[in-house]
Amino acid sequence: MSDASLPLAPAPAALPRASRGHLAFWLGALVLAGLLFFGLRALGNDYAYFAGYFILQYVVLATAWNILGGYAGYVNFGAAGFMAAGAYTAIALRQSTGLDLLPGILAAAVVGALLGLGTGYLTLRLRGVYFSIATLCLAVVLQTLVVNWDYVGGSRGAYVVRPREVAPFVSYGEYLFLVMLGLAIIAVGIARTVELTRLGRGLQAIRDNERAAEAVGVPTMRLKLVATALCGALMAVAGAPLPYYSGYLNPEAAFSLAYAVNAIAMPLIGGAGTWAGPVIGAVLLASLQQAATVTISSALNLWIVGWMLVIFVAVAPRGILGWFRRR
Amino acid sequence: MDGGDLILLLNGVVSGLLIGGIYAAAAAGLAISFGMLDIVNIAHPALMVAGGFLTVLLGTALGIDPLLAALLLAVPFYLLGTAIYAMYHHFFERRGDEALQGLAFFFGVMFIIEVGLVMAFGPEQRFLDPAYAYVTLRLGEVDVPLRMLVPGLFAMAAIGALWLFLRRSFTGLAIAAVAQDAEALRLMAVNPVRIKRFAFGLSIALAAIAGGALVVVQPVEPSSGQVFIGRVFAVCIMGGMGSLPGCILAAFLFGVVENVTATFYGPSWSPAVAFGWLLLVLAFRPQGLFGKLA
């Protein structure tokens, strides 16, 4: 995709091996998805879909954060803002045209990409910290706008009456789970493609030394903008099904800090800068939280995530994957 | 604009200036850590809110004036600040990991403080009523409530003391020097890490003072810190990062704009103004309102 816009280069010699790797990845993903789907159907428990959706949504969110944060080293604190932008895009689309989940996800991707592009265009010329602060602010600005926007419910929130079931599926929960599963696979696939192509190598050069990268001809600004747009789009996509998932959405829930902290904690704990890291982190932390919400209070639950983030970045800055890879 | 609007505007400007004094105290701490030491402490507003909560606790427990309580709290907050810096230096600055892991560290600290406050005090608002809270001076048509004037003056006094310290004492000059050239400081037999630790502690002590002043002016809740991130960073960047006078001017300007907007369009819009401003400043004048490009 963005590969085409980059200066041409001789194709790497190891292409056959790489394409075999691609095939293995997609086959593996499909097999895993099939196992998950039929396993859960055999289980036949609606709560399992509920919990599965919860975990997969974080896989998408963490993967999205990793594209900008892990590869390029630009920290996006505004995950909650992008997610909520996706969720409210879905609500607004439904209010105005009656289109439901799948068009909502597409619209959310467009809105998220534009938001990311806009923020990036304004602040990416500066040092990375300014971008980070701007994303924090973006979340608050968006929240203020949504609170004052009565069309999507304002501060009272919006109800989404979801259908009882969608044709070939057992329940709507299963349908949502399957949609999120598809989104997670697409997100991880995109992240992996980014990592293995020139885009990813350019981003890594930016992370390691932006000036040097610029000097040897890496189009840093363009690459950063592509990454920010991708990151924003995927985050918004992760949020688009949220109103359908919970049936009711208010700004406080949509802009919850839990999304922002998890989006950062999961890739960093799993191992930022690799496509597998965020997946590991998301599955681990989200399952932990899902299990913990049942047993302990949600505040304590989030507190633990905060401590884990601080301890991991201090003691294991390369995350769990870093334990296995000596650099 | 008729007479009523004019009076409304005047009142908005005056209370904006008063609240600007608090913003200045909050941003002055950040001007030290972010501006001078180049440590992006996004937990600063959260620490300030924690200072506000503890001021309420200490003030009611000892039955003393909240501003005095805030002054007492500055000491443990200074120690906390030195501890945070020691950790930050050991794990991130020394390794050159400030950009990604260091930023995530402070985000985690911010989160821990905010959620910790919710768990300890509940999500409700806290506020204080010192003896002068309901006294209001009237200057012609303009109201000057002591609830805002006293903490504002207190905050300005704290900044004044800080400014004198930075200008007159050897340590203060060393803090300014460590911002410019840590190596040169080492050649003068001053340990830059020790100076930075001291300066960071000072910035956190200032956060406690700002929090104490804030809780007299308006109620605080655990999530207040989020709105203050935008305000405080906006003021600090607009003021030209490391400059205290620039910081104060920017804080007054910011307080006035925000307050006048709230007066005429309703308070629910004021965060959007704050953050919108910050985005605009970042986009068009990242060197600050009064600064020149380096």
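These values consider heavy atoms only, across backbone and side chains, with no hydrogens, waters or symmetry-generated copies. Just so we're on the same page: letters track the sequence lines, and every chain starts at 1.
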Indicate every side-chain donor-acceptor pair of residues 192-203 of chain B with a distance under 3.5 Å to a residue at least two apart or in another chain.
| from | atom 1 | to | atom 2 | distance (Å) |
| --- | --- | --- | --- | --- |
| Lys196(B) | NZ | Glu93(B) | OE2 | 3.0 |
| Ser203(B) | OG | Phe200(B) | O | 2.9 |

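Most heavy-atom pairs under 4.5 Å with chain B: of the set Thr119(A), Val147(A), Ile133(A), Ile264(A), this distinction falls to Ile133(A). The candidate with the highest count of non-hydrogen atom pairs below 4.5 Å against chain B, out of Asn148(A), Val129(A), Leu300(A), Val141(A), is Asn148(A). Heavy-atom pairs under 4.5 Å with chain B were tallied for Val261(A), Val75(A), Val310(A); the largest tally goes to Val261(A). With chain B as the partner, the residue from Val140(A), Leu136(A), Leu138(A), Leu309(A) showing the most heavy-atom pairs under 4.5 Å is Val140(A). The candidate with the highest count of non-hydrogen atom pairs below 4.5 Å against chain A, out of Glu114(B), Gln226(B), His90(B), Gln101(B), is Gln101(B).
Heavy-atom neighbours of Gln125(B) CD from other residues, nucleotides or ligands within 6.0 Å: above the threshold of 12. Within a 6.0 Å radius of OH in Tyr151(A), more than 12 heavy atoms belonging to other residues, nucleotides or ligands are found.
Looking at Leu47(B) and Leu80(B), their side chains come closer than 4.5 Å, going by heavy atoms from C-beta outward. Taking the side chain as every heavy atom from C-beta outward, Leu100(B) and Leu268(A) approach each other to under 4.5 Å.
With a 4.5 Å cut-off on non-hydrogen atoms, Phe233(B) touches chain A through its side chain but not through its backbone. Only the side chain of Ile42(B) comes within contact range of chain A, with at least one heavy atom under 4.5 Å from a heavy atom of that chain. Neither the backbone nor the side chain of Ala265(A) comes within less than 4.5 Å of any heavy atom of chain B. Of the two parts of Ile229(B), only the side chain, counted from C-beta on, holds a non-hydrogen atom closer than 4.5 Å to a non-hydrogen atom of chain A. Of the two parts of Phe106(B), neither the backbone nor the side chain holds a non-hydrogen atom closer than 4.5 Å to a non-hydrogen atom of chain A.
No close placement of the Phe91(B) and Phe105(B) rings is indicated, their centers lying 6.0 Å or farther apart.
Atom OH in Tyr88(A) sits 4.5 Å away from atom CG in Leu249(A) (nearest 0.5 Å).
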